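Every value quoted in this text rests on a predicted model; they were computed, and no experiment measured them. Heavy atoms only: backbone and side chains are in, while hydrogens, waters and symmetry mates are out. Numbered from 1 within each chain, the chains take letters A, B, ... in sequence-line order.
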Amino acid sequence: MDVNTILDSLNDAQREAVTQPLGSSLILAGAGTGKTRVLVHRIGWLIQVEGVSPWSIMAVTFTNKAAAEMRGRIEQMLDMPVRGMWVGTFHGLAHRLLRTHWKEADLPENFQILDSDDQLRIIKRLMQALGLDETRWPPRQAQQYINSKKGEGLRSSHIEPGYDLFEKTMYSVYAAYEENSRLLGVVDFAELLLRSHELWLKHPELLAHYRERFQQIMVDEFQDTNAVQYAWLRMLAGDKGNLMAVGDDDQSIYGWRGARIENIRQLTCDFASAKTIRLEQNYRSTSTILKASNTLIANNPDRLGKELWTEGNDGERIRVYAGFNEVDESRFIAARIQDAVNGGMALSDIAIFYRSNAQSRVLEESMLRSSIPYRIYGGQRFFERAEIKNALAYLRLASNQDDNPSLERVINVPARGVGEKTVQQIRDVARSGGVSMWRAAREMVKGKGLTARATNAVVSFIELIEGLSLSSSDLPLDELADHAINVAGLIEHYQKEKGEKGHARIENLEELVSACKQFDPDAVFYDKMQQNLSPLDAFLAHAVLESGDAQADQFIDSVQMMTLHSAKGLEFPLVFMSGMEDGLLPHRMSFNDSGKLDEERRLCYVGMTRAMKNLYLTYAESRYLHGKETRHHSSRFLREIPSDLMEEVRLSATINTEMSNASLSLGHAEMAEIGLSLGQRVTHEVFGDGTILNFEGQGAQARVLINFDDEGGKWLMVIYAKLTPLSVNGICC
DNA sequence: AGTCCCCCCATTTTT
DNA sequence: TGGGGGGACT
């Protein structure tokens with residue numbers, strides 16, 4: 001491949017980023033400006049022109065999806081597989097380091113990785129053991145505390161709790177948790193990063209080795225890095241290393257989970273020679289959408305500054321719709337989707353965004369009612385399903401019997417007569433002896449601590465696990481999984497479950513076996529450094545680190561529904577942002593903190609910049625929230641968008657609660673003629689009382705949408721419906 | 001051991 | 001309004 005192939009398709013700024021001399025750089029890449037392309041082409045440039053070996057390149061991302069995409073595009077461009085290059089997530093690469101240097105990292109060779117669910121279970125148990133009241137000290141809070149401390153690079157030994165009761169309590173949980181993790185030989189997600197950072201800190205010779213090797217480091221979504229991730233990168237790059245950080249401060253929406261937008265500025269201090277290059281030419285959206293987004297985000301303070309532009313045309317104005325309530329809003333969206341489909345658009349080109357998951361239900365109902373296929377992002381993932389986690393727990397125990405969370409999960413699944421009382425006894429013995437539950441159980445069945453019945457049950461479990469452990473060394477992975485599922489009795493267990501559910505679970509278990517069959521450890525670890533890791537351990541790590549796709553009928557053409565957070569990185573020709581209300585976006589939890597409000601604004605910006613051609617911003621004047629009718633104002637962000645870029649699609653009913661009998665504002669002559677108005681209460685002979693939500697057509701064709709209290713929404717022809725207006729008072733309650 | 005009921009809670013999520 | 005979790009009851 002020649003140089004022209006690398007450079008031809010690039011604009012000036014992209015080309016500058018790709019061809020810059022070796023050194024560090026900060027690429028401020030706005031939404032839709034081709035940042036992945038720059039990363040990929042830069043790697044091509046390094047290899048083809050600078051003569052850099054793929055061996056000395058590392059590319060880091062946050063998600064497995066991004067890593068896979070990057071690897072795929074690199075291989076496509078170079079037209080060859082790139083073994084030796086490290087392309088992966090922060091967690092994946094850290095994991096790889098720890099597997100290679102488990103001894104130096106002070107970990108057991110077959111350490112297991114905890115997912116957040118396992119972690120929470122452990123924390124719960126520990127807090128019970130510490131005698132902490134769960135209602136006063138929610139385990140989730142402790143989990144968050146621990147993870148955020150680890151994300152800041154802090155061990156419990158670094159923390160000086162002081163006299164604050166909260167700090168003191170959390171500190172004690174953290175300390176107990178660290179001790180427990182060490183005892184069990186388990187490592188959580190945050191630990192992977194912190195531990196591998198410490199590995200380099202404590203072993204300068206290893207650091208020197210990796211510095212020597214990884215001369216070229218590329219990072220994607222740099223604005224999402226937390227303190228440890230940044231320290232890790234900085235340490236690896238050293239003073240001489242070459243770090244290319246690609247990010248966008250305006251798309252930093254993960255501050256709440258430890259991402260430090262400040263790292264971007266820090267980078268320009270720490271790497272003084274780093275050149276900053278801005279990618280501002282957008283290839284995605286219309287000029288109208290970009291102008292609106294630019295104006296909105298300009299309200300944020302302390303930006304590094306960036307303005308998106310396009311060579312494309314203005315396109316259509318952004319449409320704003322004020323729904324009477326959330327049902328009206330969702331019907332409006334469904335109707336516009338139907339229009340778009342009638343106009344020939346594919347459903348998969350359409351997306352609906354919302355701030356919080358709870359908003360999806362009403363939208364779903366409208367899609368169902370209109371028979372519009374949809375897909376919701378972020379459902380349960382394959383490796384997180386209960387039956388899969390149970391099967392994996394058996395496999396994990398086959399590898400490491402000290403894995404308490406796995407033992408707790410399946411010691412009585414399927415039921416084999418080990419009740420909660422017995423489990424609690426095992427827990428107590430384990431805790432007082434400072435050993436794992438497995439060891440405690442083994443001791444206990446030898447002594448007389450348990451009833452005969454319990455002893456038998458526990459013994460059969462122990463024998464089961466020991467048998468699996470033996471098989472694990474001679475059976476191939478898929479046969480081992482199949483064997484484990486059968487011997488453990490999981491198939492019979494789920495056969496008993498009535499209905500479709502048990503059947504689906506068994507199918508999933510079968511899918512697990514075939515996943516084992518297809519699993520190639522080399523695909524996880526691209527070079528052969530990991531030979532000490534058994535296929536089983538490699539698979540178990542793979543299952544935790546890459547928990548798989550949320551189930552998806554990805555092949556069915558469907559509307560894409562997702563939260564604003566999960567929309568980042570995607571693009572759609574037609575986008576609806578629903579719930580544009582003060583209280584939802586910005587979320588009310590952010591009201592009293594300007595930093596959080598800025599992040600909400602960035603969230604809004606991220607959503608808007610997903611739209612390629614058409615963007616609808618919709619809100620509801622009234623919506624049910626937590627079982628109560630809530631009135632919101634339209635989002636303040638709507639007012640930050642220049643009004644000439646927007647058009648209101650239909651006038652909304654403004655309900656004036658103070659003037660109960662005043663007519664509601666209409667804006668439609670036809671309606672006024674008939675004497676009806678939006679939001680008005682009416683009575684129908686057959687359907688009873690209801691509220692007018694919408695109307696269309698005129699004269700003899702005029703129809704109104706009425707939400708009847710008992711019958712739900714119906715479109716009725718005005719001339720036949722014989723509607724009797726009621727007092728407006730009814731609405732205000 | 002499994003089911004039912006009541007109470008509490010309610011932003012965003014990847015690894 | 002609805003889901004999840006914990007406790008109590010069968």
Side-chain angles (χ1 to χ4, degrees), chain A residues 60-67 88-95 113-121 124 128 133-135 138-140 143-144 147 150-151 187-194 196 221 224-226 228-229 252-259 326 353-362 365 377-381 383-384 412-423 457 496-497 541-550 562-569 579 583-591 593 596 599-600 602-604 606-607 623-630:
Chain A
V60 198
T61 64
F62 276 86
T63 65
N64 290 302
K65 194 176 153 206
T89 62
F90 277 101
H91 292 86
L93 299 182
H95 171 240
I113 306 170
L114 300 178
D115 67 15
S116 347
D117 198 56
D118 297 330
Q119 186 190 33
L120 184 62
R121 283 156 182 268
K124 263 189 195 167
Q128 280 167 4
D133 176 11
E134 279 201 27
T135 51
R140 290 206 163 274
Q143 181 183 30
Q144 209 204 347
N147 289 337
K150 287 190 179 187
V187 164
D188 59 50
F189 290 129
E191 184 73 26
L192 288 168
L193 300 169
L194 179 53
S196 66
E221 304 281 13
D224 291 339
T225 51
N226 67 18
V228 168
Q229 286 159 336
S252 165
I253 55 174
Y254 286 112
W256 53 274
R257 63 177 198 204
E326 78 275 22
F353 302 155
Y354 35 83
R355 176 65 233 269
S356 66
N357 289 304
Q359 288 167 251
S360 71
R361 182 191 279 115
V362 180
E365 280 167 6
Y377 273 51
Q380 216 192 10
R381 294 140 159 263
F383 288 114
E384 286 167 1
N412 202 33
V413 175
R416 55 172 66 84
V418 185
E420 180 52 32
K421 201 168 148 242
T422 311
V423 176
K496 281 181 210 148
E497 199 169 345
H542 166 77
V544 185
L545 286 176
E546 192 165 347
S547 43
D549 279 336
M562 66 195 82
T563 63
L564 285 163
H565 282 89
S566 18
K568 195 169 77 152
L584 284 177
L585 185 68
H587 198 276
R588 68 161 66 66
M589 307 287 262
S590 319
F591 280 170
D593 179 333
K596 287 185 176 169
E599 187 155 308
E600 296 288 305
R602 292 193 289 269
L603 199 49
C604 185
V606 165
R623 84 165 60 230
Y624 271 91
L625 226 50
H626 314 318
K628 284 216 157 40
E629 189 186 347
T630 319

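- In this structure, A:Glu221 atom CD and B:dT15 atom P are separated by 12 Å, rounded to whole Å.
- A:Lys421 comes within contact range of no nucleotide atom at all, as no heavy-atom separation falls under 4.0 Å.
- Per the geometry, CG belonging to A:Asn64 stands 5 Å off P belonging to B:dT15, to the nearest Å.
- Distance, A:Phe383 CZ to B:dT15 P: 13 Å, rounded to whole Å.
- Phosphate proximity of B:dC8 to A:Thr135: absent, as no side-chain N or O sits under 4.0 Å from OP1 or OP2.
- Among the protein residues, A:Phe62 comes within range of the sugar-phosphate backbone only, with heavy atoms under 4.0 Å from sugar or phosphate atoms but none that close to a base.
- Relative orientation of the A:Tyr254 and A:His565 rings is tilted, given thresholds of 30° and 60° on the angle between their planes.
- Nearest heavy-atom pair, A:Ala457 versus A:Val418, reported as atom, atom and distance to 0.1 Å: CB-CG2, 3.7 Å.
- Of the C1' atoms belonging to B:dT11 and C:dG6, the separation is 24 Å, rounded to the nearest Å.
- Side-chain N or O atoms of A:Thr63 include none that pairs as donor or acceptor with a backbone N or O of A:Thr61 at under 3.5 Å.
- Set against B:dG2, B:dT12, B:dT13, the side chain of A:Arg257 has B:dT13 as its closest nucleotide.
- Across all strands shown, A:Ser547 has no heavy atoms under 4.0 Å from either base or sugar-phosphate atoms.
- Judged by centroid separation below 5.5 Å and plane tilt below 30°, A:Trp256 stacks onto the base of B:dT12.
- Comparing B:dT12, B:dA1, B:dT11 against the side chain of A:Asn412 picks out B:dA1 as the nearest.
- Taking syn as a glycosidic angle within 90° of 0, B:dT11 qualifies as syn.
- Here A:Thr89 does not reach the OP1 or OP2 of B:dT14: none of its side-chain N or O atoms lies under 4.0 Å away.
- Residue contacts for A:Gln359: at a heavy-atom cut-off of 4.0 Å it reaches no nucleic acid atom on any strand shown.
- The nucleotide range of DNA chain C contacted by chain A, defined by atoms under 4.0 angstrom from heavy atoms of the protein and reported 5' to 3', is C:dT1 to C:dG6.
- If you take CG of A:Leu545 and P of B:dT14, they are 14 Å apart, rounded to a whole angstrom.
- Judged by distance alone with a 3.5 Å cut-off, a donor-acceptor contact links the side chain of A:Ser116 to the base of B:dT15.
- In this structure, A:Gly417 and A:His565 both approach DNA chain B, and ranking their closest nucleotides by distance from the 5' end singles out A:Gly417.
- Every residue two or more places apart in sequence or in another chain that forms a side chain to side chain donor-acceptor pair (under 3.5 Å) with A:Glu600 is listed here: A:Arg355, A:Ser590.
- Nearest to the side chain of A:Tyr254, among B:dT15, B:dT13, B:dT11, sits B:dT13.
- For the pair A:His587 and A:Glu546, both in contact range of DNA chain B, the more 5′-proximal nearest nucleotide belongs to A:His587.
- Taking atom C1' on both nucleotides, B:dT14 is separated from C:dG3 by 23 Å, rounded to a whole Å.
- Of the candidates B:dT15, B:dT14, B:dT12, B:dT15 carries the atom nearest the A:Phe189 side chain, counting heavy atoms from C-beta on.
- Between A:Glu420 atom CD and B:dT3 atom P there is a gap of 17 Å when expressed in whole angstrom units.
- Rounding to whole angstrom units, CG of residue A:Asp118 and C1' of B:dT14 are separated by 16 Å.
- For the OP1/OP2 pair of B:dT11 and a distance below 4.0 Å, the side-chain nitrogens and oxygens of A:Asn357 include no atom meeting the criterion.
- One atom, CZ of A:Arg588, and another, P of B:dT12, lie 12 Å apart when rounded to the nearest Å.
- Within the 4.0 angstrom heavy-atom criterion, only backbone atoms of the sugar-phosphate kind lie near A:Arg361; the bases stay farther away.
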Open item on the list: If you apply the rule side chain to side chain donor-acceptor pair (under 3.5 Å), what do you find for A:Ser356 with A:Gln359, and how did you get there?
Closed with: CA-CA 6 Å; A:Ser356 66; A:Gln359 288 167 251; 3.2 Å; yes

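- Distances were taken from every side-chain heavy atom of A:Arg381 (C-beta onward) to each of B:dG2, B:dT12, B:dT14; the shortest belongs to B:dT14.
- Scanning both residues, A:Cys604 and A:Leu585, for their nearest heavy atoms gives CB-CD2, 3.9 Å.
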- [ ] Could you go through the salt bridge (Lys or Arg N to Asp or Glu O under 4.0 Å) check for A:Glu599 and A:Lys596 one step at a time?
- [x] CA-CA 5 Å; A:Glu599 187 155 308; A:Lys596 287 185 176 169; over 6 Å; no

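- Few gaps surround CD on A:Glu384; more than 12 heavy atoms of other groups in view lie less than 6.0 Å from it.
- Atom CD of A:Gln144 is separated from atom P of B:dT13 by 14 Å (rounded to the nearest Å).
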Open item on the list: Before you tell me yes or no, could you show the steps for A:Arg381 and A:Asp115 under salt bridge (Lys or Arg N to Asp or Glu O under 4.0 Å), namely the whole-Å CA-CA distance, both residues' side-chain angles and the distance that decides it to 0.1 Å?
Closed with: CA-CA 13 Å; A:Arg381 294 140 159 263; A:Asp115 67 15; over 6 Å; no

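- Taking side-chain N and O atoms only, A:Asn147 has no distance below 4.0 Å to OP1 or OP2 of B:dT14.
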